[in-house]
S.K.: 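Dumping the structure here so I can ask a few things about it.
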Amino acid sequence: MNKPLKIAQISDTHLFSDESALHCGANVHQNLIQVLSHITSVEIPDAIIFTGDLTQDHTDASYQQFVDIFKQQNIEIPVHFIAGNHDEFSQLENYLTCTPFNSAKELSNDYWQILLINSKSATPAGYVSQLSLDELTDNIEASKMQLVMMHHHAIDVGYSIDKHGLENKTMFWDAITQQPTIKLLACGHVHNNLAILPEQSGYPIPLYACPATSIQFDQTKDTSACNGQGAGYRIFELFADHTFITRTHFVATKTAIELT
């Protein structure tokens with residue numbers, strides 16, 4: 001079998017201008033360093049995809065921190081990115097311009113396409129425009145399977161973050177289900193390692209949520225609170241026979257979970 005296309009997904013760094021600042025008790029600057037170190041020493045993927053919420057304090061300096069960390073870690077793997085609800089397009093475009101950052105929203109091999117779509121809206125909740133859905137449809141190659149990645153979650157996850165989920169779920173799913181080659185969806189935003197399968201959700205495509213590099217949310221709380229779990233990331237391995245494996249790593253606990 002041909003070598004799989006391996007993708008590392010990172011999300012929700014929530015950086016500050018001050019690298020010593022804490023988010024819900026966590027040093028998010030150090031967390032990102034540890035995650036990138038783990039990715040490059042353990043997984044060595046073909047690409048890294050960042051699914052948004054780079055900043056917590058919305059400063060230019062936090063974007064510069066993000067760029068500097070990748071430089072300091074000598075990351076040469078291409079890094080693709082999309083905006084989260086905390087981010088501004090202009091700041092992403094101004095700062096994520098040098099190697100290894102790549103603004104392309106599509107990457108592929110002979111068997112798979114990975115398509116990044118925008119879900120940022122004027123509020124913390126998500127919205128995927130009809131234009132974005134039309135572009136997604138136009139970009140699909142019917143001979144390949146697709147992994148579609150976005151910031152917001154298109155299926156409710158059962159805790160407080162759902163109030164900031166995707167607002168136009170019906171419109172989104174009406175478009176997605178017309179594309180039989182879309183194999184799986186991935187998101188950030190929920191700050192937890194979640195796999196929501198069709199038999200659980202009633203939707204025809206599984207959704208995989210990426211653990212945050214910052215903190216994992218306590219699902220029992222109504223506000224942002226840490227559940228004590230370490231920084232994490234997700235891996236996708238996409239095979240030539242259109243199957244896939246996904247697993248998550250938490251750098252503090254050195255654990256991994258595999259799903260097929």
S.K.: Using a 4.5 Å cut-off on heavy atoms from C-beta on, say whether the side chain of Ile39 contacts that of Ile10.
M.R.: yes
S.K.: Distance check, rounded to the nearest 0.5 Å: Leu136 atom CG versus Ile117 atom CD1?
M.R.: 5.5 Å
S.K.: I'd like to know whether Gln9 forms a side chain to side chain donor-acceptor pair (under 3.5 Å) with Thr51, so could you lay out the CA-CA distance, the side-chain angles of the two residues, the decisive distance to 0.1 Å, and finally the verdict.
M.R.: CA-CA 7 Å; Gln9 181 190 1; Thr51 48; 3.1 Å; yes
S.K.: Evaluate the side-chain proximity of Ser103 to Glu93: yes if any heavy-atom separation is below 4.5 Å, no if none is.
M.R.: no
S.K.: Side chain of Glu106, backbone of Leu115: donor and acceptor closer than 3.5 Å?
M.R.: no
S.K.: For the CD1 atom of Ile235 and the OH atom of Tyr208, what is their distance to the nearest 0.5 Å?
M.R.: 14.5 Å
S.K.: When rounded to the nearest 0.5 angstrom, what is the spacing between CG in Asp156 and CG in Leu166?
M.R.: 9.5 Å
S.K.: Under the side chain to side chain donor-acceptor pair (under 3.5 Å) criterion, do Gln178 and Asp174 qualify, and how do the steps go?
M.R.: CA-CA 7 Å; Gln178 292 178 37; Asp174 283 349; over 6 Å; no
S.K.: Looking at Asn31 and Ser214, would you say the former's side chain and the latter's main chain have a donor-acceptor pair under 3.5 Å?
M.R.: yes
S.K.: With distance as the sole test, does His151 use its side chain to make a donor-acceptor pair with the main-chain N or O of Asn118 at under 3.5 Å?
M.R.: no
S.K.: For Gly232, is there any backbone N or O sitting under 3.5 Å from a side-chain donor or acceptor partner on His249?
M.R.: no
S.K.: So does Leu54 get a backbone contact from the side chain of Thr13, meaning a donor-acceptor N/O pair under 3.5 Å?
M.R.: yes
S.K.: Write down the atom of Leu15, the atom of Ser62, and the distance for their closest heavy-atom approach.
M.R.: O-CB, 3.5 Å
S.K.: Taking side chain as C-beta onward, heavy atoms only, is Gln73 less than 4.5 Å from Thr40?
M.R.: no
S.K.: Could you please spell out the steps behind the side-chain contact (heavy atoms from CB on, under 4.5 Å) verdict for Phe66 and Leu96?
M.R.: CA-CA 9 Å; Phe66 189 82; Leu96 275 61; 4.0 Å; yes
S.K.: Do Thr137 and Gln179 touch side chain to side chain, with heavy atoms closer than 4.5 Å?
M.R.: yes
S.K.: Please name all residues satisfying side-chain hydrogen bond (donor to acceptor under 3.5 Å, both in side chains) with Asp87, sequence neighbours left out, ordered by chain then number.
M.R.: none
S.K.: Please test Gln219 against Asn227 for side chain to side chain donor-acceptor pair (under 3.5 Å), starting from the C-alpha separation and ending with a verdict.
M.R.: CA-CA 8 Å; Gln219 298 180 31; Asn227 69 4; over 6 Å; no
S.K.: Give the minimum heavy-atom separation between His191 and Ala212, together with the two atoms involved.
M.R.: ND1-CB, 3.5 Å
S.K.: Could you report the tightest heavy-atom contact between Arg247 and Ile245, atom names first, then the distance?
M.R.: NH1-CG2, 3.9 Å
S.K.: If you define the side chain from C-beta out and look only at heavy atoms, does anything of Lys3 sit under 4.5 Å from Asp46?
M.R.: yes
S.K.: So, Asn168 side chain and Val128 main chain: donor-acceptor pair closer than 3.5 Å or not?
M.R.: yes
S.K.: Mind running side-chain contact (heavy atoms from CB on, under 4.5 Å) on Ile114 and Leu238 for me, showing each step along the way?
M.R.: CA-CA 10 Å; Ile114 301 169; Leu238 308 173; 4.0 Å; yes
S.K.: Out of curiosity, Met149 CE to Arg234 CZ, how far, rounded to the nearest 0.5 Å?
M.R.: 9.0 Å
S.K.: So for atom CD, which belongs to Glu199, do other residues, nucleotides or ligands contribute more than 12 heavy atoms lying within a distance under 6.0 Å?
M.R.: yes
S.K.: Run the ring-ring contact (aromatic ring centres under 6.0 Å, His included) test against His29 and tell me which residues pass, sequence neighbours left out.
M.R.: none
S.K.: Can you list everything that forms a side-chain hydrogen bond (donor to acceptor under 3.5 Å, both in side chains) with Asp68? Sequence neighbours excluded, please.
M.R.: Gln64
S.K.: Taking a hydrophobic cluster as the set of Ile, Leu, Val, Met, Phe, Trp and Tyr residues connected by side-chain heavy atoms closer than 4.5 Å, whether directly or through intermediates, do Leu22 and Val251 fall within one such cluster?
M.R.: no
S.K.: Do Asp12 and His23 have side chains that approach each other closer than 4.5 Å (heavy atoms only, starting at C-beta)?
M.R.: no
S.K.: What pairs of residues pass the ring-ring contact (aromatic ring centres under 6.0 Å, His included) test when at least one of them lies in residues 114-136, not counting sequence neighbours?
M.R.: none
S.K.: Please find the pair of heavy atoms, one from Phe81 and one from Phe101, that lie closest to each other, and give the distance.
M.R.: CE2-CB, 4.2 Å
S.K.: Identify the heavy atoms of Met171 and Ser129 that sit nearest to each other, and give their distance.
M.R.: CE-C, 3.9 Å
S.K.: Who are the salt bridge (charged side-chain N to carboxylate O under 4.0 Å, His left out) partners of Lys120, not counting sequence neighbours?
M.R.: none
S.K.: Quick one: does any side-chain atom of Asp53 pair with a main-chain N or O of His14 as donor and acceptor, under 3.5 Å?
M.R.: no
S.K.: Would you give the length of the straight line joining atom CD of Gln146 to atom CD1 of Ile140, rounded to the nearest 0.5 angstrom?
M.R.: 4.5 Å
S.K.: Under the side-chain contact (heavy atoms from CB on, under 4.5 Å) rule, what do His189 and Ile161 come out as? Steps first, then yes or no, please.
M.R.: CA-CA 8 Å; His189 192 51; Ile161 194 65; 3.8 Å; yes
S.K.: Tell me whether Phe244 shares a hydrophobic cluster with Leu197, the cluster being built from Ile, Leu, Val, Met, Phe, Trp, Tyr side chains joined at under 4.5 Å.
M.R.: yes
S.K.: Answer yes or no: is there a donor N or O on one side and an acceptor on the other, between the side chain of Glu19 and the main chain of Asn27, under 3.5 Å?
M.R.: no
S.K.: Taking Glu43 for its side chain and Ala8 for its backbone only, find out whether a donor-acceptor pair lies under 3.5 Å.
M.R.: no
S.K.: Is the shortest heavy-atom distance from the side chain of Phe217 to the side chain of Val157 under 4.5 Å?
M.R.: no
S.K.: Yes or no on side chain to side chain donor-acceptor pair (under 3.5 Å) for Ser119 and His152, after CA distance, side-chain angles and deciding distance?
M.R.: CA-CA 6 Å; Ser119 63; His152 292 83; 2.7 Å; yes
S.K.: To the nearest 0.5 angstrom, please state how far the CD1 atom of Ile75 sits from the CG atom of Leu36.
M.R.: 4.5 Å
S.K.: Only counting residues at least two apart or in another chain, list the ones meeting side-chain hydrogen bond (donor to acceptor under 3.5 Å, both in side chains) with Asn192.
M.R.: Tyr159
S.K.: Please confirm whether the backbone N or O of Asn109 pairs with a side-chain atom of Lys144, one donor and one acceptor, at under 3.5 Å?
M.R.: yes
S.K.: Going through the checks in order, is the side-chain contact (heavy atoms from CB on, under 4.5 Å) test met by Phe250 and Asn193?
M.R.: CA-CA 10 Å; Phe250 291 91; Asn193 167 37; 3.8 Å; yes
S.K.: With a 4.5 Å limit on heavy-atom distance, are the side chains of Tyr203 and Trp173 in contact?
M.R.: yes
S.K.: Check Gln65 against Ser17 and note the closest heavy-atom contact, atom names and distance.
M.R.: NE2-O, 3.1 Å
